[in-house]
Amino acid sequence: MSYAKEREQNIARNKALLDGLGIAPLKPKIEPKENLRKKVAAKKRKSPSPESDELEEPPKKASRLADDSNEPGRARRSSRLAGKTVDYKQEQDRGVPELITIKRVQKVKVGQLKSKRTYDPHRYGHIPDVEVGTWWATREDCSTASVHAPWVSGIAPGPNGAYSIALSGGYDDDVDDGYAFTFTGSGGRDLKGTKTAPKNLRTAPQSSDQTFEDRNNAALQKSVDTQKPVRVIRGFKGKARSKYAPSEGYRYDGLYLVKKAWIAKGLNKGGFLVCKFAFVRMPGQEAIPVNDGGDDE
DNA sequence: GGGCCCGCAGGG
DNA sequence: CCCTGCGGGCCC
């Protein structure tokens with residue numbers, strides 16, 4: 001069977017599965033448009049003048065937090081912050097309506113210590129002060145904001161389920177309906193290359209089956225049992241991006257539950273098995289912005 | 001566009 | 001120390 005045909009079938013199957021989860025009530029009647037100020041260049045991030053950094057700061061809800069330069073996700077990009085000491089105590093006292101005790105990282109100097117985090121990412125649920133809709137340019141920034149710690153990996157595993165995942169459009173047959181989506185697990189890639197030709201890669205094509213033995217996949221499987229909330233960030237990548245994908249960078253789209261876990265034949269050369277998961281968004285969260293849909297709509 | 005090489009988080 | 005991992009910058 002052709003790749004296109006197989007993809008079509010997989011997508012149809014995944015779509016049907018999502019429809020069976022009854023997400024219709026979650027979708028708002030009016031879906032807000034992505035608030036792009038300009039088509040500013042995520043590509044030209046390496047701008048010569050440090051001053052212009054602020055201007056390139058993209059739009060979205062991040063701006064709501066931007067009145068305070070202590071906003072964790074922006075720390076790295078703010079030239080004003082360079083070398084300044086950030087008072088995270090004050091940050092905390094600013095009033096987060098949470099009854100949960102959060103492990104807090106110590107006072108740090110921005111740009112000087114490894115950990116620039118305010119909060120420990122190893123917790124379930126929202127990260128205080130990070131609103132749904134917050135936007136970052138890179139995965140590194142998501143990590144600094146504690147929303148999704150790994151720089152590369154799409155899954156952040158924890159003992160009672162995954163803490164967070166990144167939707168990065170890496171698998172062509174996954175379906176993203178915004179308020180529900182299918183997601184593919186990790187593993188089954190050869191990152192090292194051969195002995196004579198070591199590659200030391202961070203990602204690579206599928207070359208073996210994925211299993212639930214894999215720590216990341218096991219965590220997501222556990223999420224089905226525990227029903228712990230999983231933080232989700234959506235990325236801009238992917239050949240056939242859904243309308244819910246941000247045009248650039250990565251956006252925090254709030255908390256989801258993992259409703260199903262199963263094994264399927266993957267859409268890859270060789271037909272290696274992959275672990276699949278179905279996510280459903282928790283109710284009562286801000287609507288997800290939709291892009292202008294240049295690609296597929 | 002592709003190839004290469006690298007830092008980092010997290011865990012064993 | 002070792003390993004993995006839906007990044008990302010740079011060079012061609």
Side-chain angles (χ1 to χ4, degrees), chain A residues 7 14 41-48 72 75-77 103 105 108 111-117 119-123 127 136-159 161-176 181-211 213-220 230-242 245-246 248-251 253 264 266-269 272 274-277 279:
Chain A
R7 172 167 185 253
N14 289 335
K43 313 170 185 178
K44 315 225 169 192
R45 233 174 278 136
K46 35 164 189 184
S47 98
R76 193 175 172 275
R77 300 181 60 72
K103 245 200 261 171
V105 183
V108 296
Q112 299 211 352
L113 293 185
K114 266 193 191 173
S115 174
K116 293 165 281 185
R117 286 183 184 146
Y119 298 104
D120 190 340
H122 300 114
R123 68 183 298 268
I127 300 298
W136 300 274
T138 66
R139 285 283 300 272
E140 180 186 355
D141 292 335
C142 298
S143 179
T144 303
S146 302
V147 169
H148 184 64
W151 282 35
V152 176
S153 178
I155 304 166
Y163 296 119
S164 57
I165 63 107
L167 262 182
S168 294
Y171 295 86
D172 284 350
D173 56 353
D174 274 328
V175 174
D176 184 7
F181 58 85
T182 63
F183 184 77
T184 303
S186 70
R189 302 167 187 249
D190 180 15
L191 302 176
K192 284 188 287 215
T194 64
K195 235 169 220 169
T196 50
K199 301 209 161 149
N200 191 17
L201 298 170
R202 297 298 179 269
T203 66
Q206 216 75 38
S207 58
S208 60
D209 290 343
Q210 292 184 1
T211 74
E213 308 299 307
D214 176 279
R215 187 186 147 78
N216 292 333
N217 300 337
L220 282 175
V230 181
R231 294 186 296 274
V232 170
I233 58 172
R234 274 197 173 77
F236 67 98
K237 288 186 184 175
K239 288 178 194 168
R241 300 204 325 268
S242 83
E248 301 168 9
Y250 299 85
R251 187 187 61 221
D253 280 347
L267 192 64
N268 52 55
K269 252 182 146 183
F272 297 109
V274 292
C275 295
K276 288 282 188 185
F277 305 92
F279 283 66

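Treat the numbers as computed from the prediction; the structure is a model and nothing was measured.
- Nearest to the side chain of A:T138, among C:dC6, C:dG8, B:dC8, sits C:dG8.
- Side-chain atoms of A:Q210 come within 3.5 Å of backbone atoms of A:G187 as a donor-acceptor pair (strictly under, hydrogens ignored).
- At whole-Å resolution of the value, NE2 in A:H148 and C1' in B:dC8 are 13 Å apart.
- Remark: A:D174 engages A:K276 in a salt bridge (Lys or Arg N to Asp or Glu O under 4.0 Å) (not counting sequence neighbours).
- You'll find the side chain of A:N217 stays beyond 4.5 Å of the side chain of A:T211, heavy atoms only.
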Nucleotide N/O of nucleotides 3-5 of chain B paired with protein N/O under 3.5 Å:
none

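- Summarising the geometry, the separation between OH on A:Y171 and P on C:dC6 is reported as 6 Å, rounded to the nearest angstrom.
- One atom, CZ of A:F272, and another, P of C:dC6, lie 17 Å apart when rounded to the nearest Å.
- What separates CG of A:D214 from P of C:dT4 is a distance of 12 Å, to the nearest Å.
- Taking atom CZ on A:R139 and atom P on B:dA9, their separation rounds to 13 Å, with Å as the unit.
- Between the NE2 atom in A:H122 and the OG atom in A:S164 there is a gap of 8.5 Å [rounded to 0.5 Å].
- Of the listed residues (A:Y163, A:Y250, A:W136), just one forms a side chain to side chain contact (heavy atoms under 4.5 Å, CB included) with A:V147, and that residue is A:W136.
- In this structure, A:R251 contributes its side chain and A:A245 its backbone to no donor-acceptor pair below 3.5 Å.
- Nucleotides B:dG2 and C:dG5 have their P atoms positioned 22 Å apart, rounded to a whole Å.
- The salt bridge (Lys or Arg N to Asp or Glu O under 4.0 Å) check on A:R234 picks up A:D176, A:D253, with sequence neighbours excluded.
- Side-chain contact, A:D141 with A:T138: a donor N or O sits under 3.5 Å from an acceptor N or O.
- Put simply, the side chain of A:S146 never gets that close to the backbone of A:D120: no donor and acceptor are under 3.5 Å apart.
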Hey, what are the protein-to-nucleotides 10-12 of chain B N/O distances that come in under 3.5 Å?
from   : atom 1 : to     : atom 2 : distance (Å)
B:dG10 : OP1    : A:H122 : NE2    : 3.4
B:dG10 : OP2    : A:R117 : NH1    : 3.3
B:dG11 : OP1    : A:R215 : NH2    : 3.4

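- One can place CD1 of A:I165 at 16 Å from C1' of C:dG7, the figure rounded to the nearest angstrom.
- As a whole-Å value, the separation of A:D141 CG from B:dA9 P is 13 Å.
- Among the heavy atoms of the strands lying under 4.0 Å from A:G169 is at least one base atom, whether or not backbone atoms are also near.
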- With pairs defined as Watson-Crick or G-U wobble and both distances under 3.5 angstrom, please note down DNA chain B as a dot-bracket string, | for pairing with another strand. ||||||.|||||
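- The CG-P distance, from A:N216 to C:dT4, rounds to 13 Å in whole Å.
- The side chain of A:S168 places an N or O atom within less than 4.0 Å of a non-bridging phosphate oxygen (OP1 or OP2) of C:dG7.
- Judged as a side chain to side chain contact (heavy atoms under 4.5 Å, CB included), and not counting sequence neighbours, the contacts of A:R7 are A:Y3, A:I11, A:D172, A:A240, A:L267.
- Remark: side-chain polar atoms of A:R117 are paired, donor with acceptor, to backbone N or O of A:S143 under 3.5 angstrom.
- Looking at the side chain of A:F236, the nearest of the listed nucleotides C:dT4, C:dC6, C:dG8 is C:dG8.
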- Verdict with supporting geometry, A:D214 and A:S186, side chain to side chain donor-acceptor pair (under 3.5 Å): CA-CA 7 Å; A:D214 176 279; A:S186 70; 3.1 Å; yes
